[in-house]
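Data first, discussion second: the structure below is written as C-alpha cells.
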Number of protein chains: 4
Amino acid sequence: MRLTDEPQQSIDHIHAGRPRCEKAHGSVLDAAAELLNERGYSALTIEGIAARAGVGKQTIYRWWPNKAAILCEIYERDGCKLHATPDLGCVEAEIRELLGNIWAFWRETASGQAFRSVIAEAQGDQAVLTHLRDEFIPKRRIHWLVVLERAQKRGEVRSDANFNLFLDIVFGFNWHRLLTDQPPTPQEIESVVKLLIGGLGVGC
Amino acid sequence: MRLTDEPQQSIDHIHAGRPRCEKAHGSVLDAAAELLNERGYSALTIEGIAARAGVGKQTIYRWWPNKAAILCEIYERDGCKLHATPDLGCVEAEIRELLGNIWAFWRETASGQAFRSVIAEAQGDQAVLTHLRDEFIPKRRIHWLVVLERAQKRGEVRSDANFNLFLDIVFGFNWHRLLTDQPPTPQEIESVVKLLIGGLGVGC
Amino acid sequence: MRLTDEPQQSIDHIHAGRPRCEKAHGSVLDAAAELLNERGYSALTIEGIAARAGVGKQTIYRWWPNKAAILCEIYERDGCKLHATPDLGCVEAEIRELLGNIWAFWRETASGQAFRSVIAEAQGDQAVLTHLRDEFIPKRRIHWLVVLERAQKRGEVRSDANFNLFLDIVFGFNWHRLLTDQPPTPQEIESVVKLLIGGLGVGC
Amino acid sequence: MRLTDEPQQSIDHIHAGRPRCEKAHGSVLDAAAELLNERGYSALTIEGIAARAGVGKQTIYRWWPNKAAILCEIYERDGCKLHATPDLGCVEAEIRELLGNIWAFWRETASGQAFRSVIAEAQGDQAVLTHLRDEFIPKRRIHWLVVLERAQKRGEVRSDANFNLFLDIVFGFNWHRLLTDQPPTPQEIESVVKLLIGGLGVGC
DNA sequence: ATATAAACGAGACGGTACGTCGGGTCTTTTT
DNA sequence: AAAAAGACCCGACGTACCGTCTCGTTTATAT
C-alpha cells in the first residue's frame, strides 16, 4: 500500500482534466501541521484540516487515504533537514550525533508530534501499521546502518552484532521517550550512548 | 489523577445508597477485553462495551473516566500473573526471564493489546499520558529494579549505571516491538539480552 | 384511576411501619411549584423535584403515579381560594365574577402554570387525559353550574341551552388564552361576557 | 423566528454545495406523521423519525429547529385541503361549514394529532409558543375573518363585535375539544353555532 | 473554437459514536 | 415500614466527524 504519494501522476502519461492544485496540496499539509501543534492529535480531524486549509473534504480524500498519510507527508517534507552523518572516526560520537539530530528535528518541527500521531493511528489500522513497519521505519534506518557498517569496518563493533536488533533498541528508546513526552537531555543522550555501546555489565 | 480505581469505596466508610454492582463491574472488563481481541482497538467503543456487557453507558462513565482506565484495569486484573523473579545468580538469566515473562503475558492475555491501546490513547489525552507515565509505568518497573539492585550487589553491573535510563532502553525495545506487532522470538530475546548487558562495542 | 391522592391511607386502617412523612409530602409540592415558576415546565423533572425537596426519588414515585398528579395536587392545594359565587342577581355579573376570579387565581399562584403543564402532559399520556377530562374538569364546573342553574330559575337563560356545551365554550376561551400565554384584560373579560350572553348576531 | 421553512433556498440565489434532498425532506414528514398516528405524541422522537425515514439525525436538525416545526409542516402540507368558504348568504351556515370542515380535516389527516402536539410542545418552549401565537394561529384565522366581514356587510353582526375575541372563543372551543379528545358531533356543532350567534341569554 | 475530462469549493447525505440527562426500578443504611 | 441515598438499565438527546455524494465552477488536454 502506498500511503503518502499521489496515486499515478508521477508515473502516468499526461492526461486530460484539471491537474492537481499544488496550492491546495501544500495548504492541507500546513493546516494539518498547525492544528496538530495548536490543538493536539485528538483534535486533528479531516473536517478541521479541510476548513483550515480552505479546501473541500473530497480534495483530501482524493489524495490521501487516511490521516496517517498526511502526517507521514508532513514528516517527510520537513525530514530533508536530516542528513547523513559524516565520518567522525568513532561510532560513539556518530551515534551521539544521530540521536541529537533526531531529537532536535522532533523538537523544532511538527514532526515529533506527527510521528507520535502516526504510531497512535497505526494501533487501530492495519494498513497504517504495515506502512509504518515496512516502509516508514526502514527508510529512517538507512542513515544508522551506514554508520554501523562504517564502525564495523573500523572494528569498533562486535562481529556477531545484529544491527537490526540493535536499532530496535535504539529506536525503542526514542519511541518510549517520544510517546511519554520525555525528550532526553544532552546528558541523558550521553549516558544512553554509553549504555548502548558499553552495555550494562562490568565488561570482561 | 486516578484512572483505574473506584473513587473512594475501598477506603471510605460505608454510606447509604445502593452499593456498586460488582457483577456489572466485572462484565464491563470482560466485554472490553473480548471486543478488543475480536474486533481490535479501533472498534472498541464505550457504546459497544456497554451493549456487550448488558450495562448502561452511564454505569461505565460513573466508574471510569475514559477508555484507557478500563484498559488499564484489564491489564491490572490479569497482571497478577507476573511475579517477582527469583534469584538465579546472574543478571543475564534474570533479564532473559523477565523479558520472556512479559512477552508470554502479553501473548496469552488481552493485556498486550490493552497496553498498545493505552499508549495510543495517551497520544491524544494528557490525563491518560500522565497516568501512564507517572503511575502505570513506574509500577511495572519495580520487579526490574529489584533484579538490577541484586545484580549491583553481586557486582555484575557498572558502578555508574543509571537504572532508569537502562529501563527506558529495555522498555523501549518492548514498546517498539509491541507497537509494530513484532513479538520477539526466544533467539531475539537472547541476542537482545547480550546487547543490553555487553553493549554493541567490542569491549575492553 | 386516581391521580392525586395517596393510595390507601385515607381509607385504610392504621398499620405498622413508619407513617407517611408529611414534611416530605409538602416539600415535594413546594419544590415542584418553585421549579415550575423559576425554570418552566420543560425543566420540571422528577429528579429535579426530588433534589430540591431533599427527598429520594422513590418517595415521589411511592405517592404520585406521574408528574401530572403532582401538578394537580398543587392546583388543588391552592384551589381552596376559589369559592362559590354569591347571588348577584344577574348572570352577566356572576360570570364576570367567575372569570375574574379564575384569572386572578391563575395569575397569583403557580396554578396557572401547573394547569398548562397538566394539559400538555395529557397530550402524551392517556391516563392523565382521562383524569383531566373525567375528574379534574367536571370538578371545576360545579361552581359554574350552580350559577347557570340559578340564572335558569331567574329566566335569564334560553330554555334549550346546553350548559355543558356552553361551558366547553367558556373553558375553551380560557384554555386558549392560558395556553398561548395571553391573560385577558378586564375589558376583554367584559366583552367576552357580552359575546357569551348576547351572542355575535344582531339579536331579534 | 421561522420554524417551518427551509432557511433561504426558496428565495435565495443558487449556491454551491449539494442541494437539499427533497426525497429526504418528504420522508421525514411522512415518517413523523406515521409515527404520530401509530404510537402517539409521547413516542414521537427525533431518533425514531430519523430511523423510520431512513435519514441521519443531522439531516433533521439541519432543517427543523425542533419537533414542533416538523409538526407544523405536516399540518401545513395537508392544510391545502382547507379552502375559503363560499358565500352561503348567512353567517350561521358559513360558521357551521367552517367548523365542520376543520373537524373533518383533523379527523381525516394526521393534522389534528399534529396540532395537539404543537400546543403541548409550546408549553415548554417559548420559541414554539411565539411561533404558534404570532404566525400559526393568525394564518388560520384569515378564512374566518373573511366570513365575519362578509356577515358584517350583510348586517348580521353586532356593530360593536370584536372579531378577534369572538375567534378566541370559537378556537377555544375547538382547542378544548381537541385537547381532551372529544370531537363534536354534528348536533353539537349545530348547538354551538346557535350559542355563538345567539348567545346564552334570552335575548331582548 | 469547442468538446471532454478531471480537480476544485461547497455543503448535504446516511451513519456511528460521543457524553449527558432523565426515566423508573432496585438495594443499601438510617430513622 | 418508610425515608434518603444513590447505583442500576435504558432510551433519547443534540453534537461531532466519518466517508460519500452531488452541485456549479475552473482549468487543463484533445478535437
Side-chain angles (χ1 to χ4, degrees), chain A residues 9 13-21 23-25 43-51 53-63 65-67, chain B residues 9 13-25 43-48 50-51 53-63 65-67, chain C residues 15-21 23-25 43-51 53-63 65-67, chain D residues 9 14-25 43-48 50-51 53-63 65-67:
Chain A
Q9 277 189 334
H13 50 77
I14 287 152
H15 57 86
R18 181 174 174 175
R20 177 171 190 179
C21 172
K23 210 175 77 181
H25 182 184
L44 188 69
T45 65
I46 299 287
E47 210 140 79
I49 296 170
V55 144
K57 279 202 287 178
Q58 195 59 258
T59 300
I60 296 182
Y61 286 111
R62 180 155 31 233
W63 300 109
N66 49 48
K67 246 191 301 189
Chain B
Q9 274 188 333
H13 51 79
I14 287 151
H15 62 90
R18 182 173 174 173
R20 178 172 188 177
C21 173
E22 286 308 328
K23 213 175 75 180
H25 181 181
L44 187 70
T45 65
I46 298 285
E47 209 141 82
V55 142
K57 276 199 288 180
Q58 196 64 257
T59 299
I60 297 183
Y61 286 110
R62 196 181 348 260
W63 299 109
N66 47 52
K67 248 190 299 189
Chain C
H15 56 84
R18 180 172 172 175
R20 176 171 188 178
C21 173
K23 211 175 76 181
H25 182 186
L44 186 70
T45 66
I46 298 287
E47 209 141 76
I49 296 169
V55 142
K57 276 203 287 179
Q58 195 58 258
T59 300
I60 296 182
Y61 285 111
R62 194 176 350 257
W63 301 109
N66 48 48
K67 245 191 304 188
Chain D
Q9 274 186 337
I14 287 150
H15 64 89
R18 182 173 175 174
R20 178 171 189 179
C21 173
E22 286 307 328
K23 212 175 75 181
H25 181 182
L44 186 70
T45 66
I46 298 286
E47 207 141 83
V55 142
K57 277 201 285 180
Q58 199 68 61
T59 298
I60 297 183
Y61 285 111
R62 188 166 12 244
W63 299 110
N66 47 52
K67 249 191 297 188

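Everything numeric in this text was worked out from a predicted model, so none of it was measured. Any value given below was found using the heavy atoms of this structure, including those in side chains, with hydrogens, waters and symmetry copies removed. So you know, we letter chains A, B, ... as the sequences are listed, proteins then strands, and number each from 1.
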**Asked** Tell me, for nucleotides 26-31 of chain F in 5' to 3' order, what letter each nucleotide earns: B for a base near a protein heavy atom under 4.0 Å, S for only sugar-phosphate near one, - for neither?
**Response** BBBS--
**Item:** Nearest-nucleotide 5' precedence on DNA chain F, A/K67 against D/G48
**Value:** D/G48
**Fill in**
Separation of F/dA7 atom P from B/E22 atom CD, nearest Å, is 13 Å
**Prompt:** Does D/R62 make a side-chain N or O approach to OP1 or OP2 of E/dC13 shorter than 4.0 Å?
**Reply:** yes
**Complete:** Note: D/L44 and D/K67 closest approach over all heavy atoms is O-NZ, 2.9 Å
**Complete:** Across all chains, not counting sequence neighbours, the side chain to side chain contact (heavy atoms under 4.5 Å, CB included) partners of A/A50 are A/K57, A/I60
**Prompt:** Any side-chain heavy atom of D/R20 within less than 4.5 Å of one from D/W63?
**Reply:** yes
**Asked** Nearest nucleotide by nearest heavy atom, which residue falls closer to the 5' end of DNA chain E, A/A53 or D/G56?
**Response** A/A53
**Prompt:** Just how far is it from atom CG of A/N66 to atom CD1 of A/I46, taken to the nearest 0.5 Å?
**Reply:** 8.0 Å
**Message:** Please report the distance, rounded to the nearest Å, between CZ in D/R20 and C1' in E/dA10.
**Reply:** 18 Å
**Request:** Whole angstrom is fine here: how far is it from CD1 in B/I60 over to C1' in E/dC18?
**Result:** 13 Å
**Asked** Rounded to whole angstrom units, what separation is found between the CG atom of B/N66 and the P atom of E/dA17?
**Response** 18 Å
Taking only N/O atoms, report every protein-nucleotides 20-22 of chain E pair under 3.5 Å with atom names and distance.
| residue | atom | partner | partner atom | Å |
| --- | --- | --- | --- | --- |
| E/dC21 | N4 | B/Q58 | NE2 | 3.4 |

**Item:** Gap between atoms CH2 and P, on C/W63 and E/dG24 respectively (whole Å)
**Value:** 18 Å
**Message:** Using whole Å, what does the distance between atom C1' of nucleotide F/dA7 and atom NZ of B/K23 come to?
**Reply:** 14 Å
**Asked** What nucleic acid atoms does D/A24 come within less than 4.0 Å of, heavy atoms only: base, sugar-phosphate, or nothing?
**Response** sugar-phosphate
**Request:** Kindly say if D/T59 contacts the phosphate of E/dA12, meaning a side-chain N or O under 4.0 Å from OP1 or OP2.
**Result:** no
